[in-house]
Amino acid sequence: MEPDADRFAKANEYRARAMKTVSFGVSSTPRGRQQPAPIVADFARGAHVWDNAGNRYIDYSAGYGPLILGHSPACVIDAVKAELDRGLRTASVHAGEAALAELVCETLPSAQKCAFVSSGSEAIQLALRVARAATGRTRVVKFRGHYHGWLDTIHAAGSVGNDGPSTIGQDPAALESLTIIDWGDIDALRTALTAEHAAVILEPIAVNGGCFMPREGFIEEVRRLTAERGIALIFDEVITGYRLSLGGAQAVLGVTPDISVIGKAMGAGLPIGAVVGSDACMEPVSTGRLLHRGTFNGNPLSVAASIACISHLSDNAGEIYPRIDAITAQLQEYVRQSAARHGVACAVNRTGSAMQIALGLTEMTTFADTAKADFARTQRFAGKLLSRGIQIIGRGLLYMTDAHGDDDIAETMSVFDEAFAQEAAEQG
C-alpha cells in the first residue's frame, strides 16, 4: 500500500489557517508536531478516526490514553446525552458526585475518600497539597523520567541529563522543594528521605517514561520506607488507573499507596481527574480545612461519562482486560519480529495495553536508555504509519482499546511491515 501524496493537503490547509490565530496551531504543543502533518479529526467511532479529508485511520493514540473503550462508546454517549438534557449545572452539587465516588472506592484499593478535579495536572497539585497538609512537611521526592503534569512545582527531570525545568518559562524556584532521584534506586531513596519530606510521588508502572515495569521489590520497599517514616506515598495513576486493570497498577502490583491520582481512562474521553486516598490522608480535604476549589470540579457531564465507563469496565473486567493485554502482546511480538526481519533497530516495550516503540536501539530497559533512542527518527516512523492509515502518538507510544478488533490488528501488522521495509530501504 503506497501512501497517498495528497492525503494531508486539507490538514495542511487547516494548519495554515490555525497558525494565524491559535498558538502553534493546536491546543497542546505535542499535537502540532505530528508528522507528516497534524491531522484534523472530523469524526470518530470505535477504533477509527476520520480526518477532514475523509481519510480513515486506525487510532492507537486513544486521545493520549483516555479512550479505553474506544471512540464514542454507546454507554458513555448515552449517559452524557441524558445528563445534558438535565442542564449543564456547572459548579452545582449533584448526586452523580457521590455515585462516582462510591464506584471509585469500590474498585481502587487505596480509595476511601475522593476529591474531583478537571485534569490530571490539577489532581497532582491537589495530591501534593493534601500530602503536605496531612504530614505538616513540605519536601517531595520525584523520580527522573516520571511525568506528573505541566505545572511549575513538578514539571522537572523529564529528560536524561536535565534535572531542571522541563520547558522554558518555568520558575526554577518552584522546584526547590523537590528531591530528584533515579526510579528503582532504593539506596538513593533511603538516603534521601528526611524528616522534611511530605511525600514520595511516582508512576507505579512508568508508561510515560517508556513503558517500564518497576524493578522487583522496589515498589514494596518504597511502601515500607514511607510508612516507617510517616511520609505519604502518592501513586500517579493518571495513565494506569482503569487502564492496566480495574484497580489500576496498585492492584496489579499488590501495593496500596496513601494517595492516588487518577484521570484519563476514568472519563472515557471527557475531562476529569481525582485525588483519592485513605481517610487519614484525606482528612484535611474531608473536613474543609484544606481549600479544594474549581468551577468545573465534578462537572455533571464528565461525572456521567466516568460513571458509565467505570460501570462498564467493572461489569466486563474479566473479558476486557485480558483481551486488550493479549492483543497488545501479539502486536508487540509482531512489531519486534518485523523490525528484526528488515534489519531496523527498534525497541518495543509493553505494559499491559500500552506499548512504546523507539528506533535506534533494540532494547530499552531503563529511563537512562531513552537517551540512546533516536526519537526524531521514531517520530518520522510514526509519520510513515500515519501515511498508511495508522495513527500512534508521535513519540512512539500506542494505546490499545476495547474497540480494536482482529481486522484492525491484522491491518496494523501489515502496515508496520511496510513501514519497516521503507525504513530499511532509506537506511540503505
Side-chain angles (χ1 to χ4, degrees), residues 19 22-34 38 64-65 117-133 135 137-183 185 188-189 192-194 196-203 206-210 212 231-232 234-239 259 261-264 271 273-275 290-297 367-368 370-371 373 375-376 379 393-397:
M19 287 290 286
V22 181
S23 296
F24 203 48
V26 291
S27 295
S28 179
T29 305
R31 301 174 200 171
R33 296 200 168 108
Q34 188 174 35
Y64 279 64
V117 291
S118 298
S119 71
S121 288
E122 288 178 71
I124 292 292
Q125 296 304 303
L126 179 58
L128 295 175
R129 189 170 290 182
V130 168
R132 287 173 171 137
T135 62
R137 307 170 187 174
T138 56
R139 295 197 64 80
V140 173
V141 170
K142 179 200 182 297
F143 294 93
R144 294 181 178 96
H146 289 210
Y147 176 73
H148 304 300
W150 61 270
L151 282 86
D152 282 12
T153 56
I154 201 73
H155 196 201
S159 58
V160 176
N162 175 28
D163 281 353
S166 291
T167 185
I168 61 173
Q170 284 185 242
D171 177 6
L175 301 172
E176 289 177 358
S177 65
L178 290 185
T179 302
I180 298 171
I181 61 176
D182 285 330
W183 190 51
D185 191 339
L189 178 65
L193 291 178
T194 71
E196 296 179 351
H197 281 93
V200 172
I201 187 169
L202 52 80
E203 293 180 65
V207 175
N208 260 315
F212 299 124
I231 297 168
I234 304 173
F235 277 9
D236 180 347
E237 294 225 45
V238 171
I239 290 179
I259 300 169
V261 180
I262 52 177
K264 288 191 183 285
V275 177
L290 189 157
L291 290 180
H292 166 221
R293 287 176 160 164
T295 299
F296 296 102
N297 292 351
F367 176 62
T370 62
F375 282 106
Q379 193 155 36
I393 295 173
R395 69 177 186 266
L397 183 60

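This structure is a prediction, so every number in the text was calculated from the model and none was measured.
Across every non-hydrogen atom of Ser166 and Gln170, the tightest pair is N-OE1, 2.9 Å. Between Val117 and Ala274, the shortest heavy-atom contact is CG2-N, 4.1 Å. Heavy-atom minimum distance, Ile154 versus Gly149: CG2-O, 4.0 Å.
Applying the side chain to side chain contact (heavy atoms under 4.5 Å, CB included) test to Ala206 and every residue at least two apart in sequence or in another chain returns His146, Trp183, Phe212. With sequence neighbours excluded, the residues that form a salt bridge (Lys or Arg N to Asp or Glu O under 4.0 Å) with Arg144 are Asp163, Asp182. Here Val238 pairs with Asp236, Val261, Lys264 under the side chain to side chain contact (heavy atoms under 4.5 Å, CB included) rule; sequence neighbours left out. For Phe24, the side chain to side chain contact (heavy atoms under 4.5 Å, CB included) partners at least two apart in sequence or on another chain are Arg15, Val26, Thr29, Arg33. Looking at residues two or more places apart in sequence or on another chain, you find a side chain to side chain contact (heavy atoms under 4.5 Å, CB included) between Arg132 and Leu128, Thr138, Val140, Ser177, Ala198.
With Ser119 contributing its side chain and Glu122 its backbone, the two residues share a donor-acceptor pair below 3.5 Å. With hydrogens and angles disregarded, no donor-acceptor distance shorter than 3.5 Å links the side chain of Arg139 to the backbone of Ala199.
For Arg129, the CZ atom sits in a loose shell: 12 or fewer heavy atoms of surrounding residues, nucleotides or ligands are nearer than 6.0 Å.
Every pair passing ring pair (Phe, Tyr, Trp, His ring centres under 6.0 Å) that includes a residue from residues 150-178 is listed here, sequence neighbours excluded: Tyr147-His155.
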